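Contents: one structure, followed by commentary.
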Amino acid sequence: MAKTYFVSGIGTDVGKTVASAILCKALNAAYWKPIQSGNILGTDKETIQQLCGTDQVVFDEVFSLREPLSPHTAARIEGVEVDLDRFQIPQHPGNLIVEGAGGLMVPMTRHVLIGDWIKTSALPVILVSRHYLGSINHTMLSLDYLANQKIPVAGVLFIGKDNDYNEVLICARYKVRNLGNIPEVSQVTSTFVNVYAGELVNNWKKLNFNDLLS
């Protein structure tokens, strides 16, 4: 049965797009980023295509905004009205990874947050957390928000040097699954993506995360 997951992060620049590329490979999933800001610097869709290859199914953004700011601010600068009625999940026969912009409480419009749209769409979240000083707080605040909003969490994917002590603490407190750890590297390549996609799948099989692999 095909599944759709929303990939969100505990903040900006925590590695959501790299995680999304690896998840696309691990789950043989298509990719969609509904709203992109900062396209003056390139787009996450382009990064996914570079890392996953020409056979990767990638859907176009609904809105692609120039400035590297929150979507509601970037849209205001361009005089664009973000119409949420246009955010229809693409029809796709297989698995789909939907990547958000920034964290859960980033405003899409003056009145709607990323988390609001996730809840309305009823999508389970894969939360990306990168290890840095303060990330425990940011990760727990994100999981608190998801729990309070009754948004299902498929698991947490950690990025950075292995830190089992913190990862166990976080996942045990919120009763969520640790989906694995991806190291930080100076340059992410398609080979790196393929290797760690394989490692995730092997790890999920050992842990009997069969719902992810079905």
Side-chain angles (χ1 to χ4, degrees), residues 2-24 27 29-52 56-130 138-139 141-154 157:
K3 296 180 180 177
T4 299
Y5 296 101
F6 193 100
V7 175
S8 189
I10 63 170
T12 302
D13 293 330
V14 297
K16 289 192 310 300
T17 304
V18 171
S20 293
I22 291 171
L23 288 166
C24 281
L27 298 172
Y31 173 86
W32 181 47
K33 180 152 186 155
I35 189 163
Q36 169 82 57
S37 56
N39 66 22
I40 188 175
L41 305 173
T43 68
D44 293 332
K45 178 180 73 172
E46 293 167 345
T47 299
I48 293 292
Q49 289 171 322
Q50 291 166 3
L51 293 176
C52 293
Q56 174 66 41
V57 178
V58 177
F59 293 99
D60 289 335
E61 307 93 342
V62 179
F63 292 94
S64 185
L65 305 164
R66 180 179 174 84
E67 298 300 327
L69 302 167
S70 64
H72 83 304
T73 300
R76 180 179 61 82
I77 290 171
E78 290 188 36
V80 172
E81 181 180 353
V82 175
D83 180 2
L84 296 175
D85 289 337
R86 292 178 56 188
F87 287 77
Q88 301 296 323
I89 296 173
Q91 296 298 310
H92 181 67
N95 295 329
L96 176 66
I97 292 296
V98 181
E99 183 183 350
L104 293 160
M105 299 190 74
V106 166
M108 297 174 73
T109 71
R110 288 183 61 193
H111 305 291
V112 178
L113 307 177
I114 292 285
D116 296 330
W117 188 81
I118 299 172
K119 184 174 182 178
T120 300
S121 303
L123 295 179
V125 168
I126 294 176
L127 184 67
V128 178
S129 173
R130 181 169 65 84
H138 296 157
T139 305
L141 285 172
S142 297
L143 290 169
D144 242 19
Y145 174 87
L146 292 166
N148 289 335
Q149 295 297 316
K150 297 181 172 54
I151 296 171
V153 180
L157 187 56

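Heads up: numbering here begins at 1 and tracks the sequence. From a predicted model like this one, the values you see are computed outputs, not experimental measurements.
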#### Entry: Atom pair OH/CG of Y31 and D44 - distance to nearest 0.5 Å
4.5 Å
If you look only at distance, which donor and acceptor atoms sit under 3.5 Å apart when one is on a side chain in residues 84-95 and the other is two or more places apart or in another chain?
residue: Q88; atom: NE2; partner: D85; partner atom: O; Å: 2.9
residue: N95; atom: OD1; partner: K3; partner atom: N; Å: 2.8
residue: N95; atom: ND2; partner: L27; partner atom: O; Å: 2.9

#### Entry: Side chain proximity check, E99 to T17, heavy atoms < 4.5 angstrom
yes
### Query
Under 3.5 Å, side chain of E78 to main-chain N/O of R66, donor-acceptor pair present?
yes
### Query
For G102 and T12, which heavy atoms make the closest approach, and how far apart are they?
CA-OG1, 4.0 Å
### Query
Between S37 and L65, is there a donor-acceptor pair closer than 3.5 Å when you use the side chain of the first and the backbone of the second?
no
### Query
Can you check whether L113 reaches L104 side chain to side chain, under 4.5 Å on heavy atoms?
no
#### Entry: Side-chain heavy atoms of V14 within contact of K16, under 4.5 Å
yes
### Query
Is a side-chain N or O of S121 found less than 3.5 angstrom from the main chain of W117, in a donor-acceptor match?
yes
### Query
With sequence neighbours left out, what residues match E61 under salt bridge (charged side-chain N to carboxylate O under 4.0 Å, His left out)?
K45
### Message
If you define the side chain from C-beta out and look only at heavy atoms, does anything of S70 sit under 4.5 Å from V106?
### Response
yes
#### Entry: Greater than 12 external heavy atoms within 6.0 Å of D13's CG
no
### Task
Indicate yes or no: at least one non-hydrogen side-chain atom of L23 is less than 4.5 angstrom from one of Y5.
no
### Minimum-distance pair of heavy atoms, taken over all atoms of I10 and S129
CD1-OG, 3.7 Å
### Task
Work out which heavy atom in Q49 is nearest to a heavy atom in V58; give both atom names and the distance.
CG-CG2, 3.7 Å
### Query
At their closest point, which heavy atom of A30 faces which heavy atom of C24, and how far apart are they?
O-SG, 3.8 Å
### Query
Do the side chains of W32 and I48 get nearer than 4.5 Å, heavy atoms only?
no
